[in-house]
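Beneath this line is the structure, given in structure tokens, with notes to follow.
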Amino acid sequence: MPVARRETSDCRVIGHVDMDCFYVQVEQRKEPKLRGVPTAVVQYNSYKGGGLIAVSYEARAHGVKRSMRGDEAKEACPQIQLVQVPVARGKADLNTYRNAGSEVVFILSRKGRCERASIDEVYLDLTDAAEAMFMETPPESMEYIEEEVTKSHVVGLQCEDGNDPKEEVRKWLCRSDASYQDKLLACASFIIADLRMQVLKETEFTCSAGIAHNKMLAKLASAMNKPAQQTVVPHSSVAGLLESLPIKKMKQLGGKLGSSLQSDLGVNTVGDLLQFSEEKLQQRYGINTGTWLWNIARGISGEEVEGRLLPKSHGSGKTFPGPQALKTIGSVQHWINELCEELSERLHSDLEQNKRIAHTLTLHARAYKTGVSNSNRKFPSKSCPLRYGTVKIQEDALTLFQAALREFMGSYNCKTNWSENNNWGITSLSVSASKIVPIPSGMHSIVKYFGGQSPSGSSLNQPLDNVINEAVPPSSSGTENSLGLIPYELPVRYPEEDTAMKHSQDCLDQQDLLCNLSKKVDGLTEESSLMSPTGSGDKRKQSEQHRDSPAKKPSVVFNTSSLKAIEKRKREGKKLQGNCSITKFFNNYPNSRSSLEQKNITNAQGSQSASGSYLTSDRVETSGESYHDDIHTNIADYSAANVPHGRQAWSYNIDEIDPSIIRELPPEIQEEFQAWLQPQKRLNVVKRGSSITNYFLPNNSR
DNA sequence: ACGGATCGTACA
DNA sequence: TTGTACGAT
């Protein structure tokens with residue numbers, strides 16, 4: 001439960017942006033024939049036509065709802081188009097939607113602090129931007145107003161019969177006698193409308209938005225007029241809005257707490273909450289939740305927009321309902337391997353693109369037990385330090401599973417053949433990686449070096465598997481890393497280290513080891529630099545790079561495929577500049593394929609083949625008020641600094657490198673090093689080719 | 001046979 | 001810190 005901070009003033013301007021039926025839009029962009037027709041996205045076709053996870057507004061008009069089965073949807077709307085979620089490794093693969101979400105966040109982060117709330121939702125703190133606009137061009141002084149803004153909705157604004165609602169909205173936005181706070185909200189409405197246009201032009205996605213003086217109200221507002229519209233909540237309208245709002249509509253109150261308020265306190269609307277004293281609510285729901293409830297009843301919410309563009313954890317999971325339940329260790333191991341492979345791939349992408357390392361691996365499962373008395377006991381979740389490398393993650397996850405299963409079965413009769421006996425069944429499995437922290441900037445070169453290769457599974461990534469590798473899962477054999485290397489003194493200093501890496505010793509050890517090996521490996525490349533056209537001429541020191549960018553200037557690195565898609569659409573968008581209405585936008589897109597649409601298909605395929613992530617070097621810097629954290633800022637600045645291609649130059653003497661390090665590696669790893677170096681170069685060359693070359697790159701999916 | 005796959009937070 | 005419960009989409 002979020003804790004409202006009383007000391008925070010409500011003189012802020014917050015926006016909430018919500019993509020409209022996002023997965024559907026992603027599929028419609030890929031297949032423009034689906035535009036304008038009832039469409040839904042389903043996963044798992046086999047059972048009753050699969051489960052719907054996104055429904056277009058045309059389909060909603062026919063009564064189709066999320067959580068329906070594909071068959072039901074067909075029943076309600078026979079002409080509905082059902083698109084399947086991509087499948088990889090026998091499970092749903094949401095990567096295309098994640099990447100599409102990144103495109104949007106990238107654009108929205110231009111105008112202020114930006115928090116990625118979910119794959120398709122973003123909060124923006126527009127206070128500064130709105131104040132700046134007010135100083136420069138206050139709304140009452142504006143002579144021309146873009147049409148899109150006039151289609152905003154203003155909560156509580158009365159529109160008498162016969163009046164043009166657009167004109168009423170324009171008058172409200174430009175009212176000279178409005179309060180300062182409402183004028184800021186008006187400014188933010190202009191800014192958000194502009195951002196939404198940018199999103200549309202550069203991604204072809206529509207979204208809805210809410211503008212208010214805190215997150216809670218902005219979120220509420222963004223859902224009030226969908227799709228492709230925006231809603232602003234003036235200060236004077238807050239009480240009236242909340243008074244009749246059903247309590248369950250409020251974020252965080254859609255579940256048991258909301259039900260309890262209804263049944264135990266007779267609270268049906270947010271307004272009903274006003275009768276209760278803060279003490280009463282605290283006594284009933286605890287100190288924090290009580291205060292939080294008291295505040296939201298008054299439209300008060302002190303939650304800050306966090307300034308975080310990346311997810312805090314990655315997970316991969318699958319359910320095995322009913323008959324599909326897993327009953328042998330072998331089948332469990334198979335699925336754990338699949339899930340871990342996906343997770344590992346995403347961890348490598350995160351490392352390469354965002355310079356972050358995850359530190360905890362967790363395994364969750366659901367299970368049933370037959371026959372025995374306490375048959376519906378919870379299957380415990382287990383976690384351990386995360387070691388990078390697909391195989392390591394797979395092994396550790398299996399170990400975690402076995403520990404949990406032992407606990408689940410009880411320690412008594414598990415002595416015999418507990419593993420292969422049929423009195424248990426696993427109905428869901430998931431693995432996740434959390435505690436993801438940025439790595440010190442001094443480490444970036446090794447990431448760049450290792451990061452450019454294809455992800456999990458292949459032997460190509462084995463070197464990295466063993467580089468970041470110190471922590472040991474429960475009941476594992478030893479504490480030495482698999483290379484048998486002893487970390488020694490770091491060649492460079494990391495000022496951020498104290499703050500960023502003080503969680504646990506194993507973090508530091510990982511950094512040491514990573515640096516240690518990277519140094520050696522770099523020596524190897526240096527010797528074989530004939531093959532490396534990417535040898536960096538950029539010998540600037542870190543301090544010089546920092547001088548280039550202000551300390552508080554945040555920058556973010558995005559995945560290459562997303563960026564390419566954005567840049568491409570941006571160019572195309574220039575041709576459409578004259579059209580400033582979101583609802584009119586798609587009138588430029590006939591149902592048959594235009595040349596633009598054809599390009600989009602190309603883009604989509606390019607993205608897919610690039611998702612394997614051997615395209616590493618194209619990075620883009622974006623700025624705005626973002627990270628509140630110095631470490632983030634430093635890291636981001638560094639990673640976005642001018643490093644055109646290939647690895648970063650090293651700041652220490654090559655002669656100091658001990659060449660014997662390679663011989664210390666296990667023989668098979670040595671071989672993999674060599675095997676790995678070759679395709680690395682080849683891919684880098686291909687990467688710089690045209691998009692046509694890209695088009696023919698081998699697909700990375702299995 | 002549960003809307004599934006993922007995320008996030010508060011709390012013990 | 002780990003593990004659980006809950007909530008959202």
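Below, chains carry the letters A, B, ... as their sequence lines are ordered, and counting in each starts from 1. Heavy atoms only: backbone and side chains are in, while hydrogens, waters and symmetry mates are out.
Using a 4.0 Å cut-off, some side-chain N or O of K219(A) falls inside it from OP1 or OP2 of dT9(C). Within the 4.0 Å cut-off from OP1 or OP2 of dC11(B), at least one side-chain nitrogen or oxygen of N288(A) is found. Distances shorter than 4.0 Å separate some side-chain N or O of K312(A) from OP1 or OP2 on dT9(B). When the side-chain nitrogen and oxygen atoms of S383(A) are compared with OP1 and OP2 of dG3(C), one or more of them lie within a distance under 4.0 Å. Distances shorter than 4.0 Å separate none of the side-chain N or O atoms of K378(A) from OP1 or OP2 on dG3(C). A sub-4.0 Å separation between OP1 or OP2 of dA10(B) and a side-chain N or O of K256(A) is absent. Between T319(A) and dA5(B) there is a side-chain N or O to OP1 or OP2 distance below 4.0 Å. Residue R98(A) has a polar side-chain atom (N or O) positioned under 4.0 Å from OP1 or OP2 of dT6(B). Between R346(A) and dC7(B) there is a side-chain N or O to OP1 or OP2 distance below 4.0 Å. Taking only side-chain nitrogens and oxygens, R308(A) comes nearer than 4.0 Å to OP1 or OP2 of dG8(B). Residue T362(A) places no side-chain N or O under 4.0 Å from the OP1 or OP2 atom of dT2(C). Dashed line: the shortest gap from a side-chain N or O of K251(A) to OP1 or OP2 of dA8(C) is not under 4.0 Å. Neither OP1 nor OP2 of dG4(B) sits under 4.0 Å from any side-chain N or O of S67(A).
At a threshold of 4.0 angstrom between heavy atoms, the contacts of S430(A) with the nucleic acid are absent. Within 4.0 Å of G317(A), counting heavy atoms only, lie sugar-phosphate atoms of the nucleic acid but no base atom. K48(A) comes within 4.0 angstrom of nothing in the nucleic acid, heavy atoms only. Residue K65(A) is classed as having no contact, given no heavy-atom separation below 4.0 Å to the nucleic acid. Here R116(A) lies out of heavy-atom contact (under 4.0 Å) with every strand.
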Apply salt bridge (Lys or Arg N to Asp or Glu O under 4.0 Å) to the pair E345(A) and R89(A), showing each step before the final yes or no.
CA-CA 12 Å; E345(A) 193 172 281; R89(A) 302 183 189 87; 2.8 Å; yes
Using the rule given for ring-ring contact (aromatic ring centres under 6.0 Å, His included), can you reason through F379(A) versus F401(A), listing the C-alpha separation, both sets of side-chain angles and the distance that settles it, and then say yes or no?
CA-CA 10 Å; F379(A) 196 90; F401(A) 174 82; 5.7 Å; yes
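Here, dG7(C) and dG3(B) have their C1' atoms 15 Å apart, quoted to the whole Å.
With rounding to whole Å, Y285(A) atom OH is found 17 Å from dC11(B) atom C1'. One atom, NE2 of H314(A), and another, C1' of dC7(B), lie 11 Å apart when rounded to the nearest Å. A straight line from OH of Y97(A) to C1' of dC7(B) spans 17 Å, rounded to a whole angstrom. Per the geometry, CD belonging to Q324(A) stands 10 Å off P belonging to dA1(B), to the nearest Å. Per the geometry, NZ belonging to K382(A) stands 17 Å off P belonging to dT1(C), to the nearest Å. The distance between atom CG of L361(A) and atom C1' of dT1(C), rounded to the nearest whole Å, is 16 Å. The interatomic distance linking K248(A) (NZ) with dT9(C) (P) rounds to 13 Å, in whole Å. The interatomic distance linking Y23(A) (OH) with dG3(B) (P) rounds to 18 Å, in whole Å.
In terms of modelled atom types and a separation under 3.5 Å, the side chain of D272(A) and the main chain of N268(A) share a donor-acceptor contact. Side-chain atoms of S56(A) come within 3.5 Å of backbone atoms of T39(A) as a donor-acceptor pair (strictly under, hydrogens ignored). Judged purely by atom type and a 3.5 angstrom limit, K382(A) has no side-chain atom pairing as donor or acceptor with the backbone of A403(A).
Residue R66(A) places its side chain closer to dG3(B) than to any other of dT6(B), dT4(C), dG3(B). Across dT9(C), dA1(B), dG3(C), the shortest atom-to-atom separation from the side chain of T427(A) is found for dA1(B). When each of dT9(C), dA5(B), dG3(C) is scored by its nearest atom to the side-chain atoms of L94(A), the top-ranked nucleotide is dA5(B). Minimum atom distance to the side chain of Y44(A) is reached by dA5(B), of the listed dT9(B), dA1(B), dA5(B).
Each of K219(A), R116(A), M19(A) was scored for a side-chain contact (heavy atoms from CB on, under 4.5 Å) with E121(A), with one residue passing: K219(A).
Here the NE2 atom belonging to H213(A) is positioned 9.0 Å from the CZ atom belonging to R12(A), to the nearest 0.5 angstrom.
The side-chain ring of Y47(A) is stacked on the base of dA1(B), judged by centre separation under 5.5 angstrom and plane angle under 30 degrees.
The residue among R366(A) and D93(A) whose nearest nucleotide of DNA chain B is located toward the 5' end is R366(A). Each of S313(A) and G322(A) was assigned the nucleotide of DNA chain B with the nearest heavy atom; the assignment lying further toward the 5' end belongs to G322(A).
Because its NZ or CZ atom is not both nearer than 6.0 Å to the ring centre of W424(A) and within 45° of the ring axis, K327(A) does not count as a cation-pi partner of that residue.
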